[in-house]
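Take a look at the structure below.
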Amino acid sequence: MVPVPEGAYGNFFEEHCYVILHVPQSPKATQGASSDLHYWVGKQAGAEAQGTAAAFQQCLQEELGAQTVLHCEAQAHESDCFCSYFRPGIIYRKGGLASDLKHVETNFFNIQRLLHIKGRKHVSATEVELSWNSFNKGDIFLLDLGKMMIQWNGPKTSISEKARGLALTYSLRDRERGGRAQIGVVDDEAKAPDLMQIMEAVLGRRVGSLRAATPSKDINQLQKASVRLYHVYEKGKDLVVLELATPPLTQDLLQEEDVYILDQGGFKIYVWQGCLSSLQERKAAFSRAVGFIQAKGYPTYTNVEVLNDGAESAAFKQLFRTWSEKRSRNQKLGGKDKLIHEKLDVGKLHTQPELAAQLRMVDDGSGKVEVWCMEDLHRQPVDSKHHGQLCAGNCYLVLYTYQRLGHVQYILYLWQGHQATADEIKALNSNAEELDVTYGGALVQEHVTMGSEPPHFLAIFQGQLVIFQERAGHHGKGQSASTTRLFHVQGTDSQNTKTMEVPARASSLNSNDIFLLVTAGICYLWFGKGCNGDQREMARVVVTVISKKNEETVLEGQEPPHFWEALGGRAPYPSKKRLPEEVPRFQPRLFECSSQMGCLVLAEVVFFSQEDLDKYDIMLLDTWQEIFLWLGEAASEWKEAVAWGQEYLKTHPAGRSPATPIMLVKQGHEPPTFTGWFFTWDPYKWTSHLSHKEVVEGSPAATSTIPEITAVSPGAPSLPHGDLGSDRMVLMGRGSARPWKSTTSGYPDGQGNGRAGAVDLQALKGSQDSSENELMRGPKSGGTRTSSSVSSTSATINRGLRREQLMHQAAEDLPEGVDPARREFYLSDSDFQDIFGKSKEEFYSMATWRQQQEKKQLGFF
């Protein structure tokens, strides 16, 4: 085993095996979070290589202890966790590597190879035969000629696949050629004759037509929903594998003395080891998984994950209906509840998005509220006097307008009653789309089902939300002529109280709560023995909304005869003290959404950051209590998003509630309840970037001739490969470990350094004079200014602005003309050196992610 140099992370030789260790070090990482140890096998790896790597992995696992999750990975079939380490993609290289050679040669131009690039969120590039026979219509191919790199896009590839392929191409150029190679893109062969001439000079003239696109073999959500739990134990000399349960699984099925195998649709095998299981059983865990795979007839590349009791991965935990963390349970209870019961500080919610996300509150609900009811498939405004009065047979649009950090923002709630018809639900969605167009696409839309209202929805009605069990011929009130009605009041303050009509019978009562019984002549306010003063106070507010009749307070056990007569006589009802409900604390998970043969396909991004949101994407963020669907501005399947969210819930192995709120969030309009789940969030990230089309137009294919190979400006920030947020990773291929530490990459718009590089080629026209550095150090690094305008700007900047005008300032408070994303550039050279401890030239030669890290620490972000 030998250590792999950092610059070669993501490169894997097919004849080798590798061991990768990932240790989370993010400030937001769960205390005591598990490490991940991956054992990767190349498809041409021999028995000796596999044995050496397996032995090393076993020793390393014993040293690391029980807090380590073991993964077995096979080439081209890696887990989402493994793929998430290597951005913008994985490179499979032919053959092996002699011990005295470098893993990756830098500035090596004597090369000819063809790479087959494929994948959506997780991209891979495989070395293939240098021939037209390797091509097909559905994938991307990169012809690497050392000083020239030509990306050929198949006619059936999507715009997002092209953009991600280009990101990988630029990353290869920067890491292996030091940025000194020219990139051309063939989107349409007829429009790129010069590039096609080069390709044909290397590959020969193409004979016949290209092969059709290869069908994708991605596992869809329906397949992943098939989960079976097996108990594995020895009986005499025999090994017994006994099927124990199918979904929904519960955590108590896992006994700490035993070992279990969980089979998820045959595409992934989990082995769970109880903390009291024997050492012999733990050592045999992986071999038992291999034996299980063989017995089931699954492919040898089936992914295996071995977990210890107390160190389970988020993906494993979410296969169960509920999951409690044993060791920290007593410490955790009450932490979030305490926050909820304290008076909300709107300022904190605005400045601390992580708090807003945790409490699911963008503010305290004191903004502007507008309500429409769906009548005859059209929306009718509801009088403000009746805003909080909803009917189970109707659908409503509730538009909430609020200000955050000086900007007006909107949330549109689409509330659906249990008795609403399919036509009304369809009308609700179409009217929401119309409203969104009216507001220029700025509405965050949240789909809410009756009975599962999120906290903020309750807060905007200030404790006066009442749901009636009938259809409204609405112009406000939902009361009917029924003589006896019973209402259940739940909540302790104006931000968490709701009242729902329930069947008017004694069995509907509950000793822990308060009920309003409205009869023809009187309204009874019934206080259960378990209710508290806050509940009683809120009930007295609600009673004025429901009834104007004489009010009579009734204590449980002291009811008058007429009370029971109105309910049809006495009957048993829940009377035991209700224990505080524990809020599920699952780790949020981010997925890329796509569709294959009409079925939802998800690719998880583990250790996610804002960099993983690309404008061509539809991303699903599952926080367990809510589902967010993030819509990139260039995504093509917006109308499918809600249906995908519903399918995700329906097919989830844990048996999720289909009433879980689903929120649609558009790029650039993210509320703090969404951004708070990310380690850092840059609101200016998408204010200026180039599209894939603009990048392609800036490639050599767009110029009349292919100029001599030119160097990209040294000022262009290079992309770190294999970015892991603030985590630590060690990668070894057959000896000692070398650590690597990084923060989130500065990779713009999913294009790698493509933006700067492509425009450089267009602006510099092959020159390598000193204006290169000035161009790349300007505030708009992707611009195409002339050298004279750059020099003029540079002269102005050299005089500099005062540091107080730039440090720790909100974007709107910066001097006119200052780019918020590049504010440090406007410092004088001497101030820059004093603050950053280096020159501007040194700073901009660093990787973008390092630049961002220093800017955050020093107040320039």
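None of these values were measured; they are calculated from a predicted model. All values below were derived from every heavy atom in this structure, side-chain atoms included, with hydrogens, water molecules and symmetry-related copies excluded.
- The pair Arg321-Asp252 does not meet the salt-bridge criterion, since no charged nitrogen lies less than 4.0 angstrom from a carboxylate oxygen.
- Ion pairing of Arg578 with Asp513 is present here, as a side-chain N (NZ or NE/NH1/NH2) and a carboxylate O approach within less than 4.0 Å.
- Under the 3.5 Å distance criterion, the side-chain polar atoms of His418 are matched with a main-chain donor or acceptor of Met450.
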Show, in sequence, the C-alpha distance, side-chain angles and deciding distance for Arg656 and Ile627, and conclude whether the side-chain contact (heavy atoms from CB on, under 4.5 Å) test is met.
CA-CA 11 Å; Arg656 302 282 289 279; Ile627 300 296; 3.8 Å; yes
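- Atom CD of residue Gln462 and atom NE2 of residue His387 lie 13.0 Å apart, to the nearest 0.5 angstrom.
- Note on Glu604 versus Lys121: no salt bridge recorded, every NZ/NE/NH1/NH2 to OD/OE distance being 4.0 Å or above.
- Using modelled atom types, one finds no donor on one side chain facing an acceptor on the other under 3.5 Å when comparing Asn550 with Tyr524.
- Under the 6.0 Å cut-off for aromatic ring centres, Trp630 and Trp638 do not qualify, their centroids lying 6.0 Å or more apart.
- Annotation: Phe678 is in aromatic contact with Phe608 [ring centroid separation under 6.0 Å].
- Annotation for Glu446 and Pro454: closest pair OE2-CG, 3.8 Å, computed over non-hydrogen atoms.
- The shortest side-chain heavy-atom distance between Tyr439 and Leu399 falls under the 4.5 Å cut-off.
- Glu556 and Ser511 share a donor-acceptor pair across their side chains, judged by distance under 3.5 Å alone.
- Glu647 places a side-chain N or O within 3.5 Å of a backbone atom of Leu600 that can act as its donor or acceptor partner.
- Across all their heavy atoms, Pro672 and Arg404 have their closest contact at CG-NE, 3.6 Å.
- The closest donor-acceptor contact from the side chain of Gln558 to the backbone of Leu555 lies at 3.5 Å or more, if one exists at all.
- Asn512 and Asn510 form a side-chain donor-acceptor contact under 3.5 Å, judged by distance and modelled atom types alone.
- Here the side chain of Lys498 pairs a donor or acceptor atom with the backbone of Gly451 at under 3.5 angstrom.
- Contact record, Gln251 with Phe320: N-CD2, 3.8 Å, taken as the closest heavy-atom pair.
- We find the CG-NE2 distance between Asn429 and His447 to be 5.5 Å, quoted to the nearest 0.5 Å.
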What do the steps show when you test Tyr402 against Tyr410 for side-chain contact (heavy atoms from CB on, under 4.5 Å), and what is the final call?
CA-CA 6 Å; Tyr402 66 105; Tyr410 308 93; over 6 Å; no
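- Interatomic distance, SG of Cys395 versus CD of Glu375, reported as 12.0 Å (0.5 Å rounding).
- Under a cut-off of 6.0 angstrom, the local environment of CD in Glu537 is sparse, with at most 12 non-hydrogen atoms contributed by other residues, nucleotides or ligands.
- Residue pairs satisfying the ring pair (Phe, Tyr, Trp, His ring centres under 6.0 Å) criterion with at least one member in residues 488-519, sequence neighbours excluded, are listed as follows: His488-Phe515, Phe515-Trp526.
- When all heavy atoms of Cys523 and Val543 are compared, the closest pair comes out as SG-CG2, 3.6 Å.
- A salt bridge links Lys666 and Asp436; the closest N-O separation between the charged side-chain nitrogens and carboxylate oxygens is under 4.0 Å.
- Looking only at distances, no side-chain donor or acceptor of Tyr400 sits under 3.5 Å from a matching main-chain atom of Gln409.
- Contact annotation: the side chain of Val518 approaches that of Lys549 to within less than 4.5 Å [non-hydrogen atoms, C-beta and beyond].
- Using modelled atom types, one side-chain atom of Thr519 and one backbone atom of Ile522 make a donor-acceptor pair closer than 3.5 Å.
- Counting only heavy atoms from C-beta outward, the side chains of Ser595 and Trp644 approach each other to under 4.5 Å.
- Glu453 and Trp415 share a donor-acceptor pair across their side chains, judged by distance under 3.5 Å alone.
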What's the verdict on ring pair (Phe, Tyr, Trp, His ring centres under 6.0 Å) for His652 and Trp624, showing C-alpha distance, side-chain angles and the deciding distance?
CA-CA 11 Å; His652 200 286; Trp624 200 260; 5.6 Å; yes
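- In summary, the side chains of Tyr413 and His456 do present a donor paired with an acceptor at a separation below 3.5 Å, with no hydrogens or angles considered.
- Residues Leu458 and Gln495 are not in side-chain contact: their nearest non-hydrogen atoms beyond the backbone lie 4.5 Å or more apart.
- Atom-to-atom distance recorded for Glu626:CD and Trp677:CH2 is 9.0 Å, nearest 0.5 angstrom.
- In the displayed structure, Lys650 atom NZ is contacted under 6.0 Å by at most 12 heavy atoms of other residues, nucleotides or ligands.
- A 4.5 Å side-chain heavy-atom check between Thr499 and Gln490 finds every atom pair outside the cut-off.
- Of all heavy-atom pairs between Glu552 and Pro560, the closest is OE2-CG, 4.2 Å.
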Could you go step by step and tell me if Leu516 and Ser547 meet the side-chain contact (heavy atoms from CB on, under 4.5 Å) rule?
CA-CA 9 Å; Leu516 304 179; Ser547 174; over 6 Å; no
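- Val466 has its side chain out of reach of Leu390: every pair of non-hydrogen atoms, C-beta onward, lies at least 4.5 Å apart.
- Remark: the backbone N or O of Gly557 is paired with a side-chain donor or acceptor of Glu559 at under 3.5 angstrom.
- The environment of His378 atom NE2 is sparse: at most 12 non-hydrogen atoms of other residues, nucleotides or ligands sit within 6.0 angstrom.
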Working note: Val448 + Leu414, criterion side-chain contact (heavy atoms from CB on, under 4.5 Å); need CA distance, chi angles, decisive distance, verdict.
CA-CA 6 Å; Val448 178; Leu414 290 75; over 6 Å; no
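- Side-chain contact, Asp493 with Thr497: no donor N or O sits under 3.5 Å from an acceptor N or O.
- For the residue pair Thr421/Glu424, the side-chain donor-acceptor check at 3.5 Å is satisfied.
- Residue Ser313 holds its OG atom at 9.5 Å from CD of Gln318, rounded to the nearest 0.5 Å.
- Residues Phe457 and Val398 are in side-chain contact: their nearest non-hydrogen atoms beyond the backbone lie under 4.5 Å apart.
- In this structure, Tyr396 contributes its side chain and Cys391 its backbone to a donor-acceptor pair below 3.5 Å.
- Considering CG of Leu629 and CD of Gln646, their distance stands at 9.5 Å, rounded to 0.5 Å.
- The minimum heavy-atom distance between Ala392 and Gln469, with the atom names listed, is CB-OE1, 3.7 Å.
- With contacts defined as side-chain heavy-atom distances shorter than 4.5 Å, the pair Leu620/Arg589 does not qualify.
- Residues satisfying the ring pair (Phe, Tyr, Trp, His ring centres under 6.0 Å) criterion with Phe487, sequence neighbours excluded, are Phe468.
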